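Step one of this worksheet: look at the structure below.
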Amino acid sequence: MPLVQITLARGRSPEQLAALGAAVTAAVEESIGAPRETVRVVVNECEPEHWFVGGESLADLRASGRR
């Protein structure tokens with residue numbers, strides 16, 4: 001039972017998250033031959049205020065237009 005964990009900054013639509021789950025499932029199925037029904041994908045969303053790049057929060061970087 002392959003388990004793929006993905007951490008993203010919050011901000012994607014439910015449709016985008018569903019597309020990500022489907023694409024990752026297909027990639028695992030194709031790359032290692034795992035049966036599709038055994039693939040697990042867990043998406044953890046993190047608040048942009050809790051995600052730091054170079055010491056600055058992603059929220060601040062987004063607000064300044066640098067991300």
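On a predicted model such as this, the values are computed, not experimentally measured, just so you know.
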Exercise for the section: Kindly check if the number of other-residue, nucleotide or ligand heavy atoms within 6.0 Å of CZ (Arg67) is above 12? Expected result: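 Counting neighbours around CZ of Arg67, 12 or fewer heavy atoms of other residues, nucleotides or ligands fall under 6.0 Å, so no.
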Practice task
Mark yes or no for whether Arg12, through its side chain, and Ala9, through its backbone, hold a donor-acceptor pair below 3.5 Å.
Solution key: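 Side chain of Arg12 to backbone of Ala9, a donor-acceptor pair under 3.5 Å: yes, one is there.
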Exercise for the section: Could you pull out the closest heavy-atom pair between Pro48 and Arg10, with the gap in Å? Expected result: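 Minimum heavy-atom separation between Pro48 and Arg10: CG-O, 4.0 Å.
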Exercise for the section: Treating Ile, Leu, Val, Met, Phe, Trp and Tyr as nodes and any side-chain heavy-atom pair under 4.5 angstrom as an edge, say whether Leu3 and Leu8 lie in one connected cluster. Expected result: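 Different clusters: Leu3 never reaches Leu8 through Ile, Leu, Val, Met, Phe, Trp or Tyr contacts under 4.5 Å.
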Exercise for the section: Using the rule that two of Ile, Leu, Val, Met, Phe, Trp, Tyr join whenever any of their side-chain heavy atoms come within less than 4.5 Å, decide whether Val4 and Ile32 are in one cluster. Expected result: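 Cluster IDs for Val4 and Ile32 match.
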Can you give me every donor-acceptor pair (side chain of residues 37-44, partner residue at least two apart or in another chain, under 3.5 Å) with its distance?
{"residue": "Thr38", "atom": "OG1", "partner": "Pro35", "partner atom": "O", "Å": "2.7"}
{"residue": "Arg40", "atom": "NH1", "partner": "Glu37", "partner atom": "O", "Å": "2.9"}
{"residue": "Arg40", "atom": "NH1", "partner": "Thr38", "partner atom": "O", "Å": "3.4"}

Exercise for the section: Please examine the side chains of His50 and Ser57, heavy atoms only from C-beta on, and report whether any two atoms are closer than 4.5 Å. Expected result: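 SC-SC contact between Ser57 and His50 ruled out.
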Problem - salt bridge (Lys or Arg N to Asp or Glu O under 4.0 Å) contacts touching residues 16-35 (sequence neighbours left out) - result: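 Passing the test, one end in residues 16-35: Glu29-Arg36.
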Handout entry: Set of residues satisfying salt bridge (Lys or Arg N to Asp or Glu O under 4.0 Å) with respect to Glu56, sequence neighbours excluded
Key =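 Testing Glu56 for salt bridge (Lys or Arg N to Asp or Glu O under 4.0 Å), a comparison that skips the adjacent residues, returns Arg66.
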Exercise for the section: Kindly compute the distance separating CG (Leu61) from CZ (Phe52), expressed to the nearest 0.5 Å. Expected result: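 One gets 10.0 Å once the value is rounded to the nearest 0.5 Å.
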